[in-house]
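The chains referred to below are lettered A, B, ... by the order of the sequence lines, with proteins before strands, and numbering in each begins at 1. Atom set for the values below is all heavy atoms of this structure, side chains included, hydrogens, waters and symmetry mates excluded.
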Amino acid sequence: MLDIKRIRDNFDEVAEGLRRRGAAPELAEKARDLDAERRRLVTQGDELKTLRNSRSKEIGALKKSGQDTSAVQAEVRGIGDRIAELDERLRVIEAELETAMLMIPNVPCKTIPTGPDASANRVAKVAGEPQQYGFQPLDHITLGEQLGIFDLPRGAKITGSGFPLLLGNGSKLQRALIQYMLDMHTEQHGYTEMLPPFVVNTASMRGTGQLPKMAEDMYHCEIDDFWLIPTAEVPVTNYFRDEIIDRPLPVYLTAYTPCFRREAGSAGKDTRGILRVHQFDKVEMVKFVEPEKSYEELETLVSNAEDVLQGLGLHYRILELCSGDISFSAAKCYDIELWAPGQQAWLEVSSCSNFEDFQARRLNCRYRDASGKPRLVHTLNGSGVALPRLMIALLEQCQQADGSVLLPPAIRPYLRGLERLQPVATSA
RNA sequence: GGAGAGGUGGCCGAGUGGUCUAAGGCGCAGCACUGGAAAUGCUGUGUGCUCUUACGGGCACCGAGGGUUCAAAUCCCUCCCUCUCCGCCA
C-alpha cells in the first residue's frame, strides 16, 4: 500500500510512476479525492464528539447534585444522532478508500528501465558459459523418466495434474538441495532459519499483498477461512505483522516451504513436466531493513541467491526487470534465470524484490529509529531458490553422454557421497 | 470436541456505568544530590488519525468486531487467542 500522504502531497510523481508500470492513475486520483472527503468528515465528527464528551460529563455532575438532566440528555442524544450519521458516511468513504488503496500498485524505483513488458528487461549479468555437449541434450522429462526419479502420472492420479511426485534419488536430491541452500544461507549469509505454518489466515495474505488481487490463484479452505501459502514470503514476512520489531535491524529470515498455486489463467501453459506446477518446494529469503539501506540490501540478497547457483557450478543470468514487468508490490526486482539446455530456454528460479515500505504499511510492521520513533521498515524477499526449475536445470546442465547425471560436488555430501544419478532399466 | 478461568500501556497489576485525563509498582530517559556510583527525590515517558505556519489543540484506542446508554475498560452478543482439566489423536 502506498502512503496516502504521498498521493496527497506528490500526486504527479505517483501518477508518473504508475504510468511507467502501465497502470492507470485513475485509482490514485480517486484515492486522493476520497482522502479529502474523509478528512473533512473526520474533522466535523471530532468537533461533535468534543461537544458530546463535555456535555455528557455535565450530565454526570448534574446527576450527582440531584438535578434534572432530561433536557441535556435530549440535546446530547441529538448530537449522538448527527455523529452516527457522519460516522456512517465516514465508514463508507473509508471502505472505498481502502479498496482503492489496496488495488494501487507500488511506484517503481526511478532507476529501473522503463518499458511495457518483459521485452524491456535488462540483462544485468551472465554467469558461466553454456556447456558444449557432444550429443543432443535431453530435456528433464526424458531424463527424469530414464533416471526413475519422477512419477508424474501417479502424482496426477493421487491428486491431479501439476502435483508432482518425486521418487527415490529424485526425492533425495530435492531434500539434499533444500538442506544445501538452508545451510548456506544460515551459515554463510547470516539468515535465521524458520519453519513456518504452510497455511495462513486472511490477514496474513492481505499483509503481503496476495489479497485481495490474487484470491483466484490460491487454494482456500472455506470452513476455516485459511489459505495454502503460495510462497514462504507470506508466513515469514507476516512474522512481524502488527509489531514494532524489538531487535536490531537488519533481520534476515530464511525458510523452506512447499508452495501451492492454482495457476488460474495459465491453463495449457508449460504443462509438461515440472516447469509449472500447483505444488512445489522453495527456499525463501526475507529481509527487514532500515529504509536507507534497502537498495544495498537488495544487491546482497541477489548475491545470496547467486551463491547457491555458483556453488553448484550452474550457468545463469540475472535480469533487471523493467517498470512494466515488476510485480504489484515491488519497487525494484531482479530475476535470476537458469539455462536449460534440453529445452534451450532460460528458467526463472528466483525473483529478488525490494518492496520499500509498501508491504510494511499493509503489515503495520515498524522499527524504532535512532530517536526512538516508530517507523515503517523496508521489506525484501527473494527465492533462494525454487526447486523444480533448479532440478530441471541441474539435470539438463549436468547430463552426460551415457544418460547419467553427474552431480555437482557441493551437493554430494548431502547425498552420502553419491556422485552420479544412473539411468534405471525401463520397459520402453 | 466438552467444561472452566483469563486477555488492561514496554512489563506487572488495580479498576464491574459518570473528574478514567486508566491508580500503584517495575523499567526507561532527564535533572538534583554524589569525588563517582548506589540509594533517594523530582520531572517526563504509548500508538494512530486529524486541525494548526508554529506553539499547541481535538478525536480514537483497555484482544477484535458489533450492540445497549446522554455516557462503556466496566453491561450484552459474536469471534480470536492463552491457560487448566476431561475426551480424542500421529
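A/Lys63 comes within 4.0 angstrom of a base, heavy atoms only. Residue A/Arg82 is classed as having no contact, given no heavy-atom separation below 4.0 Å to the nucleic acid. If you check every strand for non-hydrogen atoms under 4.0 Å, A/Arg40 touches nothing.
For A/Pro374, the listed nucleotide lying nearest its side chain is B/G48; candidates were B/G18, B/U50, B/G48. Between B/C70, B/U47, B/U50, one nucleotide has an atom nearer to the side chain of A/Thr43 than all others, and that is B/U50. Out of B/C59, B/U50, B/C70, the shortest distance to the side chain of A/Asp46 is found at B/C59. Candidate nucleotides B/U50, B/A60, B/G18 were compared by shortest atom distance to the side chain of A/Ser56, and B/G18 ranks first. Candidate nucleotides B/C59, B/C70, B/C51 were compared by shortest atom distance to the side chain of A/Thr50, and B/C59 ranks first.
Side-chain atoms of A/Cys352 and A/Leu380, non-hydrogen and from C-beta on, never get closer than 4.5 Å to each other. You'll find the side chain of A/Val251 stays beyond 4.5 Å of the side chain of A/Thr192, heavy atoms only.
A straight line from CG of A/Asp246 to P of B/C11 spans 10 Å, rounded to a whole angstrom. Whole-Å rounding puts the A/Arg368 CZ to B/G10 C1' distance at 8 Å. Taking atom CZ on A/Arg247 and atom P on B/G10, their separation rounds to 18 Å, with Å as the unit. Rounded to an integer number of Å, the gap from A/Glu94 CD to B/G65 P is 12 Å. What separates OH of A/Tyr367 from C1' of B/U47 is a distance of 17 Å, to the nearest Å. A straight line from CG of A/Asn364 to C1' of B/G63 spans 15 Å, rounded to a whole angstrom. Residue A/Asp87 contributes atom CG, which lies 14 Å from atom C1' of B/U50 at whole-angstrom precision. A/Leu48 has its CG atom 15 Å from the C1' atom of B/C51, to the nearest Å.
Residues in residues 283-292 of chain A take part in these side-chain hydrogen bond (donor to acceptor under 3.5 Å, both in side chains) pairs, two or more places apart or across chains: A/Lys282-A/Glu284, A/Lys287-A/Glu297, A/Lys287-A/Thr300, A/Glu292-A/Arg375.
Look at the P atom in both B/G9 and B/U68: the space between them is 28 Å, to the nearest Å. Nucleotides B/C83 and B/G30 have their P atoms positioned 39 Å apart, rounded to a whole Å. B/A22 and B/U74 have their C1' atoms separated by 12 Å, with the value rounded to a whole Å. Between the C1' atoms of B/U69 and B/G4, the separation comes to 31 Å (whole Å). Comparing B/U21 with B/C79, their C1' atoms sit 32 Å apart, to the nearest whole Å. One P atom belongs to B/C62, the other to B/G57, and the distance between them is 23 Å to the nearest Å. Taking atom P in both B/A39 and B/A23, the straight-line distance is 24 Å, to the nearest Å. Annotation: B/U53 and B/G48 have their C1' atoms spaced 24 Å apart (nearest Å).
Residues A/Asp35 and A/Arg8 are paired through a salt bridge, judged by an N-O separation under 4.0 Å between the basic side chain and the carboxylate. A salt bridge links A/Glu16 to A/Arg19: at least one charged side-chain nitrogen sits closer than 4.0 Å to a carboxylate oxygen. Taking the charged nitrogens against the carboxylate oxygens, A/Glu216 and A/Arg262 have no contact shorter than 4.0 Å, which rules out a salt bridge. Between A/Asp3 and A/Arg6, no side-chain nitrogen of the basic residue sits less than 4.0 Å from a carboxylate oxygen of the acidic one, so the salt-bridge criterion is not met.
Listed pair A/Arg55 / B/C70 fails the phosphate criterion, with no side-chain N or O lying under 4.0 Å from OP1 or OP2. When the side-chain nitrogen and oxygen atoms of A/Arg366 are compared with OP1 and OP2 of B/G48, one or more of them lie within a distance under 4.0 Å. Applying the 4.0 Å criterion to OP1 and OP2 of B/U21, one finds that A/Lys57 has a side-chain N or O inside that range. Residue A/Arg91 has no polar side-chain atom (N or O) positioned under 4.0 Å from OP1 or OP2 of B/G65. Considering only side-chain N and O atoms, A/Arg38 lies under 4.0 angstrom from the phosphate OP1 or OP2 of B/U50. The phosphate of B/C51 has OP1 or OP2 within less than 4.0 Å of a side-chain N or O from A/Arg39. Contact check, A/Asn53 against B/C59: a side-chain N or O comes under 4.0 Å of OP1 or OP2.
Toward the 5' end of RNA chain B, the nearer of the two residues A/Lys373 and A/Lys49, judged by each one's closest nucleotide, is A/Lys373. For the pair A/Ala74 and A/Asp35, both in contact range of RNA chain B, the more 5′-proximal nearest nucleotide belongs to A/Asp35.
Under the Watson-Crick or G-U wobble criterion, with both distances below 3.5 Å, B/G9 has no partner in any strand shown. Within the shown strands, nothing qualifies as a pairing partner of B/U69 under the Watson-Crick or G-U definition with both distances less than 3.5 Å. Under the Watson-Crick or G-U wobble criterion, with both distances below 3.5 Å, B/C62 is left unpaired in every strand shown. The partner of B/U45 is B/G27, judged by Watson-Crick or G-U wobble contacts that both fall below 3.5 Å. Using the Watson-Crick or G-U wobble rule with both distances under 3.5 Å, B/U21 pairs with nothing in any strand shown. When both distances must be under 3.5 Å, the Watson-Crick or G-U wobble mate of B/G36 does not exist. When both distances must be under 3.5 Å, the Watson-Crick or G-U wobble mate of B/C85 is B/G2. Under the Watson-Crick or G-U wobble criterion, with both distances below 3.5 Å, B/U53 is left unpaired in every strand shown.
Relative ring orientation between A/His278 and A/Phe163 is described as tilted, the plane-to-plane angle lying within the 30° to 60° band. Ring planes of A/His185 and A/His189: tilted class, angle from 30 to 60°.
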